[in-house]
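Everything quoted here is computed from the prediction, not taken from an experiment.
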Amino acid sequence: MISQKAKYALRALVALTRVREGESVMISEISRGQAIPKKFLEQILLELKRAGIVMSRRGRLGGYVLLRAPEEVTFGEVLRLIDGPIAPLPCLSKIAYRRCADCADEATCEIRHVFSRVTVATRAVLDSTTLADAVKVPVVLD
């Protein structure tokens, strides 16, 4: 499961994606519109700013804007930034690989083989789904 912080980050980014190009949104507007605690949102946006995904503007027309095009920001990138590795096992992680302490042989580990397929499928979806995709595709739950 993704953390609440990651859900808030994605919701804030989707809200910024919906804003007309060149316009900024104040934290209080995002907080109210997305039901995200303002103090928590400030921390999240600061993290996204450091990563070069959003930028802030000062002044009367200030607020936050996407720094990169919505077509360039993937859900996978945001999840890794906020929550860290996506892989369910450390031996399958791209960014934090670690051999499982209780595993004698990765090549023959049945658990690793099953979760490898899960990881590949998850990465395929998250790394190919952008903020732009999220605002134009209706959610379909099976």
Side-chain angles (χ1 to χ4, degrees), residues 1-103 106-142:
M1 290 194 305
I2 68 171
S3 69
Q4 188 65 44
K5 182 179 179 183
K7 284 172 60 177
Y8 286 161
L10 289 166
R11 286 182 17 209
L13 289 170
V14 166
L16 289 173
T17 299
R18 293 184 184 281
V19 175
R20 280 184 268 170
E21 193 172 330
E23 291 185 7
S24 59
V25 184
M26 295 180 66
I27 287 178
S28 57
E29 289 179 58
I30 299 170
S31 172
R32 205 173 29 258
Q34 297 297 317
I36 303 170
K38 188 176 174 186
K39 286 290 184 192
F40 200 23
L41 181 59
E42 288 172 355
Q43 296 169 5
I44 292 167
L45 289 172
L46 187 59
E47 206 168 327
L48 294 170
K49 183 178 174 181
R50 280 191 220 116
I53 296 173
V54 301
M55 68 178 229
S56 61
R57 293 182 179 161
R58 293 184 177 267
R60 191 172 62 84
L61 300 174
Y64 277 85
V65 295
L66 286 175
L67 189 55
R68 293 172 32 207
E71 297 80 14
E72 297 175 3
V73 181
T74 67
F75 274 55
E77 175 185 4
V78 175
L79 287 176
R80 286 183 189 92
L81 174 69
I82 301 297
D83 282 352
I86 293 172
L89 297 172
C91 64
L92 295 170
S93 178
K94 284 171 97 173
I95 63 172
Y97 171 85
R98 210 174 69 250
R99 187 176 182 92
C100 294
D102 59 347
C103 183
E106 286 182 358
T108 60
C109 177
E110 298 83 1
I111 295 168
R112 185 176 198 271
H113 289 279
V114 171
F115 280 96
S116 176
R117 294 194 333 252
V118 171
T119 302
V120 168
T122 301
R123 280 186 192 140
V125 172
L126 294 175
D127 291 339
S128 68
T129 304
T130 67
L131 296 175
D133 296 328
V135 297
K136 67 182 172 189
V137 176
V139 176
V140 178
L141 299 176
D142 293 343

Going by heavy atoms in the side chains, are [X] and [Y] under 4.5 Å from each other?
X      : Y      : value
Ile82  : Leu10  : no
Lys49  : Ser56  : yes
Phe75  : Leu131 : yes
Cys103 : Cys91  : no
Thr74  : Thr129 : no
Ile86  : Ile95  : no

Considering residues, nucleotides and ligands other than [X], do more than 12 of their heavy atoms fall under 6.0 Å from its [atom1]?
X     : atom1 : value
Lys5  : NZ    : yes
Leu46 : CG    : yes
Arg58 : CZ    : no
Arg68 : CZ    : yes

Go through the steps to decide whether Val54 and Leu16 satisfy the test side chain to side chain contact (heavy atoms under 4.5 Å, CB included), and finish with yes or no. CA-CA 9 Å; Val54 301; Leu16 289 173; 3.8 Å; yes
Does this structure show an ion pair linking Glu23 with Arg57, if we count only N-O contacts that are shorter than 4.0 Å?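 Salt bridge: no.
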Pair Asp127 + Arg80, salt bridge at N-O below 4.0 Å: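 Looking at Asp127 and Arg80, the cut-off is met.
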Shortest non-hydrogen contact between [X] and [Y], atoms and distance:
X      : Y      : result
Pro37  : Ser31  : C-OG, 4.1 Å
Ala9   : Val78  : CB-CG1, 4.2 Å
Arg123 : Ala87  : NH2-CB, 4.1 Å
Ser24  : Gly62  : OG-O, 3.2 Å
Thr119 : Pro88  : OG1-CD, 3.0 Å
Val14  : Val135 : CG1-CG1, 3.7 Å

Can you measure from [atom1] ([X]) to [atom2] ([Y]) and round to the nearest 0.5 angstrom?
X      : Y      : atom1 : atom2 : result
Gln4   : Ile44  : CD    : CD1   : 8.5 Å
Leu48  : Arg50  : CG    : CZ    : 10.0 Å
Arg112 : Leu92  : CZ    : CG    : 4.5 Å
Tyr64  : Met26  : OH    : CE    : 11.0 Å
Leu13  : Thr130 : CG    : OG1   : 11.5 Å
Ile30  : Ile36  : CD1   : CD1   : 7.5 Å

Short side-chain donor-acceptor distance under 3.5 Å, Lys38 and Ser28: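 On atom types as modelled, these side chains do not qualify, holding no pair under 3.5 Å.
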Any sub-3.5 Å donor-acceptor pair from Asp83's side-chain atoms to Ile2's backbone N or O?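 No, Asp83 side chain to Ile2 backbone: no donor-acceptor pair under 3.5 Å.
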